[in-house]
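Structure incoming, see below.
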Amino acid sequence: MSSCTRFDTVVPLHYKRVKDCCTISDKHFYTFVNEFHKDTYVEREPGESSNDRNDRAIRTAAKWYQKHLQLCAEDAGIANEMKVVLLTNDTDNRNKAKAEGIMAYTVHEYVKSLKGSADLIDRLAGLDSKPRGLKSGRYLQGTFQASRENYLEANVSVASREEMVFIQGHKNLNRGMQEDVVAIEMLPESEWSCPSSMILEDVEEKADEETDQEDAIVKTKAAKGPKLPSGRIVGVIKRKWRQYCGILQKSVLPGGTRHLFIPAERRIPKIRIETRQAAALEGQRIVVVIDSWPRNSRYPQGHYVRKLGAIGDKDTENEVLLLEHDIPHSTFSEAVLACLPELPWVITDEDLAKRTDLRSVSICSVDPPGCTDIDDALHAFKLDNGNYEVGVHIADVSHFIRNGTAIDREAQNRATTVYLIDKRIDMVPELLSSNLCSLRGNEDRFAMTVIWEMTPNAKIVKTSFMKSIIRSKAALTYAEAQMRIDDPTLTDDVTKSLRILNSLAKILKQGRIEKGALTLASSEVRFHIDSETHDPIDVQTKELRETNSMVEEFMLLANISVAEKILAEFPDCALLRRHPAPPVSNFDPLVTIAKAKGFTMKVSTGKDLADSLELAHIPSNPYFNTMLRILTTRCMMQAVYFCTGMVAPSEFFHYGLAAPIYTHFTSPIRRYSDIIVHRLLAVSIGADASYPELLDKNKTQHCSYNLNFRHRMAQYAGRASVGLHTQLFFKNRTVDEEGYILFVRKNAIQILIPKFGLEGTVYLVEQKGASLFTYNEEENTQTADGVTLSVFDPVTVQISIDRSNIQHQKLRLQLVRPVISGFSVEPQPVTSSAPPTKKIRSK
Amino acid sequence: MAGMELLSDEGFRIDGRRPNELRRIQCRMGVFAQADGSAYIEHGNTKVLAAVYGPHDIQGSKGRAAVHDIAFINCQYSMATFSTGERKQRPRGDRKSQEMTHHLKQTFDGAILTHLYPHSQIDIYVEVLQSDGGNYCASVNAATLALIDAGIPMKDYVCACSASFIDETPLMDINYTEESSATPQLIVSILPKSEHLVFVEMNSRLHEDQLSRVLDIAVKGCSDIYHILDRAVKEHLMEASIPLSSDT
């Protein structure tokens with residue numbers, strides 16, 4: 001029998017799982033609603049438990065189904081060969097069923113009678129105890145997070161526990177993979193272990209050698225260090241398999257068809273694939289999917305899907321990057337392009353009637369050089385009463401992207417524009433992003449406008465919102481704007497308004513910092529790209545001017561004002577952004593490291609933290625403070641979008657900005673969240689109509705999950721793109737560069753090179769070789785030859801590309817200074833001596 | 001939990017109906033001898049009695065509100081103390097009953113040809129014996145039958161039906177469980193032949209884009225109810241008229 005029928009009498013335990021099964025049409029599951037059928041409904045008898053009644057209902061339905069099949073067969077004039085089998089593990093129910101003439105078995109009996117049942121039985125054993133175990137608390141459910149540093153370690157985040165559960169070793173990992181939902185069992189405290197503080201890669205070795213290596217790690221389990229709550233994975237509840245990009249590791253046997261595939265993502269294990277095209281696939285980036293992971297296999301099994309191109313080729317690597325981060329990057333479909341307005345685009349009288357005409361105001365935009373999607377513009381002037389009028393104008397994208405259209409669905413799915421070093425993956429087609437929505441100089445454009453009346457002390461007296469039509473007088477870069485402000489001979493309207501904006505922004509920033517907003521650091525770099533080959537020819541860290549912070553302050557202010565407006569108008573369905581305060585335990589590594597240098601970090605509130613960061617300076621090490629800020633950034637939680645109806649108001653707070661509420665309003669060209677916020681604002685000022693989805697808190701919340709996911713992925717992709725270009729940059733170079741030690745590990749030190757915003761690892765121990773270094777775990781230092789390396793120490797390293805493995809090139813760092821004989825390398829003849837520039841970015 | 005699913009994946013509602021199905025309606029006319037007209041109706045588990053007196057002279061203090069050239073419609077809605085899950089303290093006079101009384105009056109003011117009976121009063125008494133959602137609808141339908149039984153001239157039958165909106169699906173004739181979970185509720189009374197709306201009430205929030213779909217299903221429910229009531233009236237007339245014809 002190829003089909004199964006489920007009776008609707010509810011078995012709550014497996015209800016959702018069974019239901020999910022029924023939706024898969026090729027499994028031939030059908031649901032029969034026996035409770036609502038006149039022949040199968042049964043009334044509960046006096047004294048009968050509801051469980052017994054349900055069992056009786058199922059038996060009645062089974063009997064009816066058998067009779068029904070019989071009747072159908074008779075109608076069709078054929079013999080009925082179909083048998084109804086009732087599977088139940090309830091002994092009483094099974095006996096009664098047998099007594100009534102129904103074929104009844106336990107699930108195990110039935111499965112054993114099937115061919116090839118061994119595997120099924122194994123899975124049953126897992127399935128059977130899991131949900132029950134989960135319910136009783138014996139097993140915990142959580143999400144698998146593989147370690148980036150050691151492929152034999154992972155953490156599982158369990159909703160009910162504050163700290164992650166640590167999993168170590170192949171056996172305990174039990175075929176769990178990145179992002180899987182797994183059931184885990186806690187190990188007894190005596191078996192708890194701690195991360196090995198080794199950086200371990202699954203290097204190419206034969207299987208048995210790897211087992212040795214593994215044993216070695218398990219032996220070092222006795223390492224001191226605080227033991228973490230550890231567990232073992234009992235089973236995988238839900239797989240999060242996707243397509244993986246990577247390279248082929250050819251079989252050692254010539255002409256063999258079984259090969260290993262090495263994914264680009266380090267947290268994914270190697271995958272075993274079978275192909276006859278190995279020769280053609282060598283040196284290529286390929287895509288592979290996983291089919292299964294048998295119990296007795298060390299690696300999952302999969303198959304080859306397609307070829308992306310040659311390894312190291314920039315286009316191929318970009319494609320890999322986009323696929324790996326699940327970024328929709330196909331060209332826009334016909335249906336989407338059909339939603340674009342026809343050219344030439346004209347402003348109708350109808351449009352004019354609905355909007356405030358601000359074309360006479362001296363508005364200008366300030367952006368990075370080369371920016372074509374200008375979504376914000378500003379103006380300011382002095383009012384007669386001594387106050388200032390300040391306006392922020394944001395491109396009115398929601399005018400062009402209407403709800404429910406193909407372009408809206410596409411933008412909602414993409415959620416954000418992704419910026420790679422040499423490429424931009426637009427959220428909306430170029431006609432909108434770079435033309436009709438972009439607030440270009442001297443062209444009439446639609447905008448959503450926020451206008452404040454401010455006192456000279458930057459106190460807001462009045463806020464108003466409107467749909468407007470503007471004509472930007474100048475599209476400036478940060479540098480141009482700065483020049484205008486600094487040039488005393490210029491007295492035109494645009495320059496005057498820039499000066500007003502600049503002075504107000506300084507007051508606003510001061511106010512924000514006093515409230516406890518954090519100034520965090522991260523290194524951002526800019527590549528100079530060769531116009532012919534598109535290869536990077538130089539790297540610089542991005543410069544910061546006063547005008548950057550000027551624009552930023554007003555964008556923050558506009559976001560907060562809009563957040564207040566939409567929250568007041570839509571308390572249940574406004575889309576806001578919150579940044580939860582990190583648990584104090586997150587700061588432990590920071591506090592320890594700072595203490596080693598003699599500084600006390602107060603971390604209980606954002607204000608305390610900001611103040612302690614401000615005080616922590618070492619005159620001899622100017623980069624120390626920036627590094628502390630970089631480390632602080634890593635202690636933070638992710639800021640997330642959310643729908644106000646779904647989260648308690650006490651949690652709306654934005655920790656990093658020290659703002660009670662916050663949202664994203666100012667970049668609708670590149671973020672979908674802003675489009676939703678624009679729509680909400682338009683409804684609340686009566687400029688547009690609402691639609692059902694906008695006011696449905698569940699839908700908004702669901703949408704915000706996607707926004708958060710895409711936003712995170714876009715960030716990762718951006719970083720990966722920097723990494724890729726750094727590699728390309730060093731392809732033909734070997735450079736000595738100054739850096740600082742960020743972490744000291746058992747077998748390596750991690751180094752930050754400010755000039756390139758690059759982080760790399762210097763391995764202190766050669767594979768299997770004896771180490772020159774002695775590791776002091778308490779003080780977190782490595783000592784060799786009388787030289788001690790500790791965190792924050794300045795070092796000089798030599799950067800080059802490790803080509804020893806043609807398939808997998810990587811950056812290699814080698815120590816130059818301090819000189820350690822037998823370990824450090826000779827400096828390059830010509831050293832680049834550019835001083836490190838730093839960049840402080842407020843988050 | 002499965003038990004609280006108002007609309008299952010298979011498309012069944014909590015009581016086994018499809019979204020566009022009414023509950024079973026059973027009715028009888030002429031259940032009391034003393035009243036001028038009376039009727040009894042069941043919408044599933046909602047059970048309602050209605051009695052009509054009049055037209056007669058204006059009586060009591062309420063009549064002061066009467067306008068001289070049309071009949072004064074006096075309604076009284078009450079719920080038996082045993083009609084709900086928890087025993088009710090008082091059968092009428094509470095805010096909800098008063099509101100319902102007012103709604104009934106509004107409904108029948110619009111349907112009875114009141115100008116035919118100046119200086120007179122028509123009493124409509126409605127008693128809910130068992131309440132399982134749609135009390136107003138059952139009351140209106142029962143009162144219509146009672147008015148027909150009393151022979152009071154009306155523009156048309158008045159039929160009432162409720163509707164809701166769950167999981168993007170409009171539901172017809174909602175029961176107590178559906179009514180009491182936070183879902184929108186639209187109550188409609190119509191004159192079926194002309195499809196004129198006599199009464200519309202909306203509880204909770206529903207986006208206006210969806211209103212027309214919900215209204216459509218409520219009106220469809222009303223016209224379904226009309227056919228049931230019409231058949232019941234005809235059957236009742238047949239029963240009443242057979243003895244007459246056999247006499248002659």
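Within every chain, numbering begins at 1; the chains are lettered A, B, ... in the order of the sequence lines, protein sequences first and strands thereafter. Since this is a predicted model, take the numbers as computed values, not measurements.
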### Query
Once you round to the nearest 0.5 Å, how far does NE2 of B:His207 lie from CG of A:Asp696?
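Here the interatomic distance stands at 10.5 Å.
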### Query
Shortest non-hydrogen contact from A:Val33 to B:Phe12?
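Here A:Val33 and B:Phe12 meet closest at CG2-CE1, 3.3 Å.
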### Task
Could you please state which residues from residues 397-406 of chain A sit under 4.5 angstrom from chain B, measuring non-hydrogen atom to non-hydrogen atom, sorted by number, or 'none'?
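Against chain B, none of the residues of residues 397-406 of chain A fall inside the cut-off of heavy atoms under 4.5 Å.
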### Message
Counting only heavy atoms from other residues, nucleotides and ligands, does the tally under 6.0 Å from OH of A:Tyr691 exceed 12?
### Response
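Enclosed.
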### Message
Looking at A:Tyr705, I'd like to know if its OH atom is crowded, meaning that more than 12 non-hydrogen atoms belonging to other residues, nucleotides or ligands lie closer than 6.0 Å.
### Response
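Atom OH in A:Tyr705 is not packed in, count stays at 12 or less.
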### Task
Quick one: pull up CZ in A:Phe36 and CZ in B:Arg17 and give me the separation to the nearest 0.5 Å.
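Separation between the atoms: 10.5 Å.
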### Task
Could you tell me which residues in residues 212-221 of chain B have at least one non-hydrogen atom under 4.5 Å from a non-hydrogen atom of chain A, sorted by residue number?
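Contacts with chain A: none.
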### Task
Take atom CZ of A:Arg239 as the centre, draw a 6.0 Å sphere, and report whether it contains more than 12 heavy atoms from other residues, nucleotides or ligands.
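Result for CZ/A:Arg239: enclosed.
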